[in-house]
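One structure is given below, encoded as structure tokens.
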Amino acid sequence: MAGFFVIWQLCVALFSPDLLPSPQQVFVRITEQWQADELQRHLLVTLRRVFISFSIAMIVGLILGMVMGSSNKVDVALDGPLTVFLNVPALVVIILSFLWFGLTERAVVIAVLLNKVPNMTVIFREGVRAINSDLLEVGRVYGLSLSRRLLSIYLPQLYPYFLAATRTGLALVWKIVLVVELLGCSDGLGFKLGVFFQYFDIEGVLAYSFAFVVVILCIEGLILRPWERSVMRWRI
Amino acid sequence: MIHLRLKQKGFRGSSTPVLRDVQLNLMPGSFTAIVGPSGAGKTTLLRIVAGLDHEYDGDLDCDAQFLRTAFLFQDARLMPWLTAARNVALACEGDRGRATAALHSVGLAEVADSFPNQLSGGMQRRVAMARALVHEPQLLLLDEPFASLDEPAVREMHALLRSYCQQHQPIVVLVSHNLDEALALSDKLLFLGESPSTIIHTFTVPFSDDLDFASETVLHTRQRLLDKLPKLLEGVIDT
């Protein structure tokens, strides 16, 4: 982290301060924006959108992945549309969502879902295909209830895939949310970045990006890592 | 009681059946051993009795789903993400106390909190044994359960199995490669022939559980079997 700031400071010396403000300037800007209640307002709006669309994408992706992974027929039927949605540019989906659903929160969530669900589906489909049926047999022979089998035998085999889906999912979802906000929202980080862009305000862009990166690192360090350690403890 | 009338059992993609015309009558308190060469369908037969394989021609009178069943597979099949104790507890509604007691009975109380990948192959099989017995099965299916254990551990497991059987009178079916083990534990031996196999010989074990391999009668009986089924028993006995 210290190395990062040293390199940053060195780069500032090489470029004009208009193109790359110093870390101090960015920090002062963050403090100002925080005191003005601006930063946290937009940050929270964006985080809320990320959280809602990520959660829905995770649930829908899990269900679709489970169905496609366990039934050949469904897999064949849905594989075409899946490939199409995996490859449609995010921008097209975002613009169409706004055109169809207006500049609403619903359009934001739908745009993110259409971009993200195919990705999650693919991850969970692979997870379900890798399920060890020998272990499921143990559950059947010993007459475990359906919920017990699901919680103790089935889902633990999917945990590595949950982790992968969460990591790539969060990373992708917040990038998409920002683009969505840039194009059709009047609040959120993406909207603010758009405003800074129009004023050529590099300091503002860096201040907001930096704040968001800190939040992402906190999510990684405080939620994802401990979760990974607890469910993957047996691999150590 | 379980009654199986198996006309034929084959596998998809193969024209010749593995098993044909096999009849089994299994009574509570009976201990049946299935002995035969590799590929004779011993495991397949066990899976049919367990209700894990339904794709066969024939019928099973009392499906395993009506009986409390435990199956010791050829591999331990422990859940790698659960500790030994929690693996055992799966078979007794999560009762930690009973699981710990069961682990104690197989001599593994001290590894209750270890994960399977921290245990040796033999220890994993003993955990699987604890999981099977803690379930208090009415039908106990054993697929070469003691193959990777050392001699003292095998004797310990035999003793444990006998005491369980005396107490609970379950139906036990054992698949074994080891004729002496089959003679020592079971009261009936079924010999399967080469594939497509059927029961080519049924042998009722004439002596009690605590078999003494030094005794004249036991050695004589063992020899008689060896004489009768020489080709079949190749590789099935330790000479």
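Convention: sequence-line order gives letters A, B, ...; per-chain numbering from 1.
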>> Is any side-chain heavy atom of A/V231 closer than 4.5 Å to one of B/W81?
In response: no
> More than 12 non-hydrogen atoms from neighbouring residues, nucleotides or ligands closer than 6.0 Å to CZ on A/F51, yes or no?
Replying inline: no
>> Within the structure provided, determine whether B/R77 and A/N132 are in side-chain contact (heavy-atom separation under 4.5 Å).
In response: no
> Which answer fits A/L135, side chain, backbone, both or neither, if we ask what part of it has an atom under 4.5 Å from a heavy atom of chain B?
Replying inline: both
>> Can you tell me if B/H168 has over 12 outside heavy atoms packed within less than 6.0 Å of its NE2?
In response: yes
> Hey, does A/W234 have a side-chain heavy atom less than 4.5 Å from the side chain of B/M79?
Replying inline: no
> Taking it one step at a time, do B/F71 and A/E137 satisfy side-chain contact (heavy atoms from CB on, under 4.5 Å)?
Replying inline: CA-CA 10 Å; B/F71 199 134; A/E137 257 180 20; over 6 Å; no
> Counting heavy atoms not belonging to A/W34, are there more than 12 under 6.0 Å from its CH2?
Replying inline: no
> Taking all atoms of both residues into account, what is the closest heavy-atom pair of A/Y142 and B/R131, and its distance?
Replying inline: CE2-O, 3.8 Å
> What's the spacing between A/L136 CG and B/L52 CG if we round to 0.5 Å?
Replying inline: 11.5 Å
> Who among B/P80, B/S114, B/A70 has the most heavy-atom pairs with chain A under 4.5 Å?
Replying inline: B/P80
>> Counting only non-hydrogen atoms closer than 4.5 Å, does B/R86 touch chain A with its backbone (N, CA, C, O), its side chain (CB onward), both, or neither?
In response: neither
> Any chance OH of A/Y159 has more than 12 other-residue heavy atoms, nucleotides or ligands included, within less than 6.0 Å?
Replying inline: yes
> Do other residues, nucleotides or ligands put more than 12 heavy atoms under 6.0 Å from A/D134 CG?
Replying inline: yes
>> Can you tell me if A/F5 has over 12 outside heavy atoms packed within less than 6.0 Å of its CZ?
In response: yes
